[in-house]
Novice: 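Please read through the structure below; I'll follow up with questions.
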Amino acid sequence: MDYVLNFLRLLQQLIAKNVVIEHFGLENARSICGVDVAYKGEEGIAVAVRFDGNSYQHNVVKGKVDFPYIPGYLFMREAPIMLKALEGLSCDLILMDGHGIAHPRKSGIATVIGVLLEAHTMGVAKSKLVGDVVEEGGVQYVVVNGEKVGVKAGKYYYSPGNKTDLQDALDLSMRGYPEVLRVADKLSKELKR
DNA sequence: GCGACAG
DNA sequence: ATCTTGTCGC
């Protein structure tokens with residue numbers, strides 16, 4: 001499995017070179033999607049929820065998940081099934097569990113999916129993967145090598161995935177935990193029964 | 001060698 | 001993520 005991780009690391013470095021960190025502006029997101037995955041042993045249940053400001057809609061995908069969870073390589077385990085769940089949904093902004101550039105190689109799952117789909121994405125994680133939390137002007141930033149790569153608000157970490165920036169992460173964090181993610185999490189966990 | 005370690 | 005009882009608090 002050593003070969004695989006070496007290769008995947010190169011892939012992540014390539015992805016990191018293609019990330020686009022630029023201001024999006026949440027006000028430009030007419031539709032926001034949230035994706036989450038729950039497990040029942042080897043079976044993964046992915047749910048993608050879309051909210052367009054008026055109504056909700058969602059996709060459910062179940063399938064075997066082979067790749068193990070390895071810190072730093074989450075995308076290999078969850079990106080495939082997440083992408084399937086997102087099929088057919090048009091989302092101006094995609095949110096998902098996990099980090100974006102707040103990653104050892106600036107290539108968290110939100111970045112991988114964002115670059116792959118050329119979409120606006122943002123990672124929302126429940127715990128830190130890398131960096132130090134530094135407060136500045138009333139805001140808690142996730143800092144890696146002196147660079148601010150994310151924002152911590154409450155117990156959540158927000159970091160740009162692709163075609164979004166730190167300002168977007170801060171703006172999103174101030175809206176509180178995204179409802180689409182709360183719904184996706186709740187739905188995926190109750191559908192595995 | 002030791003500690004850290006998204007879901 | 002999942003396993004898994006009781007317990008503290010609004």
Side-chain angles (χ1 to χ4, degrees), chain A residues 1-2 4-6 8-9 11-13 15-16 19 21 33-49 60-86 94-116 121-134 140-145 147-162 164 166 168-169 172-173 176-178 180-193:
Chain A
M1 192 59 100
D2 226 21
V4 182
L5 295 189
N6 283 326
L8 293 178
R9 198 175 58 249
L11 179 58
Q12 292 179 320
Q13 295 172 342
I15 291 171
V19 180
I21 298 301
C33 295
V35 200
D36 193 19
V37 184
Y39 297 88
K40 183 177 56 181
E42 286 283 80
E43 179 181 50
I45 300 84
V47 176
V49 175
V60 178
V61 171
K62 295 187 178 182
K64 185 176 181 180
V65 175
D66 295 302
F67 210 86
Y69 165 65
I70 301 175
Y73 303 89
L74 174 66
F75 82 101
M76 283 298 292
R77 180 174 171 76
E78 302 194 334
I81 196 169
M82 277 188 171
L83 289 169
K84 283 186 182 178
L86 285 168
I94 304 173
L95 275 31
M96 62 208 80
D97 280 13
H99 295 284
I101 61 173
H103 176 280
R105 294 167 288 286
K106 295 192 172 193
S107 190
I109 191 169
T111 296
V112 175
I113 289 180
V115 171
L116 186 61
T121 63
M122 184 85 77
V124 181
K126 300 179 186 64
S127 59
K128 191 183 62 177
L129 176 59
V130 291
D132 301 306
V133 177
V134 180
Q140 293 188 299
Y141 294 98
V142 176
V143 179
V144 176
N145 296 317
E147 181 187 6
K148 298 187 183 69
V149 294
V151 172
K152 179 185 181 187
K155 56 178 185 176
Y156 298 105
Y157 298 79
Y158 304 74
S159 64
N162 186 54
T164 54
L166 197 63
D168 291 319
L172 186 65
S173 75
Y177 190 69
V180 284
L181 284 181
R182 200 188 308 284
V183 174
D185 176 74
K186 183 174 183 297
L187 220 47
S188 65
K189 284 178 179 172
E190 62 184 49
L191 284 178
K192 69 178 184 179
R193 306 187 190 182

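For clarity, every value in this text was computed on a predicted model and none was experimentally measured. Per chain, numbering begins at 1; letters A, B, ... match sequence-line order.
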Novice: Please report the distance, rounded to the nearest Å, between NZ in A:K126 and C1' in B:dC5.
Specialist: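 Checked: the NZ to C1' distance equals 16 Å.
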
Novice: Taking DNA chain C as the partner, which of residues 184-193 of chain A come within under 4.0 angstrom of it by heavy atom?
Specialist: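 Residues of residues 184-193 of chain A that come under 4.0 Å of DNA chain C are, in numerical order, A:K189, A:K192.
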
Novice: A:G123 near the nucleic acid: base, sugar-phosphate alone, or nothing, with a heavy-atom cut-off under 4.0 Å?
Specialist: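 Contact class for A:G123: none.
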
Novice: With heavy atoms under 4.0 Å as the rule, sort A:A102 into base, sugar-phosphate or nothing.
Specialist: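 No contact.
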
Novice: Quick one: A:K155 NZ to B:dG7 P, roughly how many Å, whole number?
Specialist: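 The distance from NZ of A:K155 to P of B:dG7 comes to 11 Å, rounded to the nearest Å.
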
Novice: Taking A:H99 for the side chain and A:A110 for the main chain, is one N or O donor matched with an acceptor at less than 3.5 Å?
Specialist: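 Checking the backbone N and O of A:A110 against the side chain of A:H99, no donor-acceptor pair under 3.5 Å is found.
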
Novice: Between B:dA6 atom P and A:Y158 atom OH, what is the distance in whole Å?
Specialist: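 Interatomic distance, OH of A:Y158 to P of B:dA6: 18 Å.
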
Novice: Whole angstrom is fine here: how far is it from CG in A:L181 over to C1' in B:dA6?
Specialist: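 The answer, rounded to whole Å, is 13 Å.
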
Novice: Looking only at side-chain atoms of A:I109, point me to the closest of B:dA6, C:dT2, B:dG7.
Specialist: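 Among the listed nucleotides, the one closest to the side chain of A:I109 is B:dA6.
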
Novice: To the nearest 0.5 Å, what is the distance between CE (A:M96) and CD1 (A:I113)?
Specialist: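 If I round to the nearest 0.5 Å, the distance is 4.5 Å.
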
Novice: Within the 4.0 Å heavy-atom criterion, would you say A:K128 contacts the bases, only the backbone, or no part of the nucleic acid?
Specialist: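 Result for A:K128 = sugar-phosphate.
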
Novice: For A:H103 and B:dG7, what is the distance between atoms NE2 and P respectively, to the nearest whole Å?
Specialist: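 Those two atoms, NE2 and P, are 12 Å apart.
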
Novice: Say you draw a straight line from OH of A:Y158 to OH of A:Y141; how long is it, rounded to the nearest 0.5 Å?
Specialist: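 Reported value, rounded in 0.5 Å steps: 15.0 Å.
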
Novice: For A:Y39 and C:dA1, what is the distance between atoms OH and P respectively, to the nearest whole Å?
Specialist: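 It is 10 Å, rounded to the nearest whole Å.
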
Novice: Provide, to the nearest angstrom, the distance between the NE2 atom belonging to A:H99 and the P atom belonging to B:dC5.
Specialist: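 In whole Å, B:dC5 P lies 10 Å from A:H99 NE2.
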
Novice: Tell me the closest heavy-atom pair linking A:I81 and A:V61, and the distance in Å.
Specialist: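 Taking A:I81 first and A:V61 second, the nearest heavy atoms are CD1-O, 3.8 Å.
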
Novice: Using a 4.5 Å cut-off on heavy atoms from C-beta on, say whether the side chain of A:K148 contacts that of A:V142.
Specialist: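 When only atoms from C-beta onward are counted, A:K148 and A:V142 do not touch, as no gap falls below 4.5 Å.
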
Novice: Scan A:Y69 against the nucleic acid and name what it touches under 4.0 Å (heavy atoms): base, sugar-phosphate only, or nothing.
Specialist: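 Base contact.
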
Novice: Quickly work out the A:Y73 OH to B:dG7 C1' distance and round it to whole Å.
Specialist: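 Atom OH in A:Y73 sits about 16 Å away from atom C1' in B:dG7.
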
Novice: Apply side-chain contact (heavy atoms from CB on, under 4.5 Å) to the pair A:V149 and A:V143, showing each step before the final yes or no.
Specialist: CA-CA 6 Å; A:V149 294; A:V143 179; over 6 Å; no

Novice: Are A:E43 and A:K62 close enough that some pair of their side-chain heavy atoms sits under 4.5 Å apart?
Specialist: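 Yes, their side chains come closer than 4.5 Å.
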
Novice: Counting only side-chain N and O atoms of A:S127, is one of them less than 4.0 Å from OP1 or OP2 of B:dC5?
Specialist: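 So the side-chain polar atoms of A:S127 never come under 4.0 Å of the phosphate oxygens OP1 or OP2 of B:dC5.
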
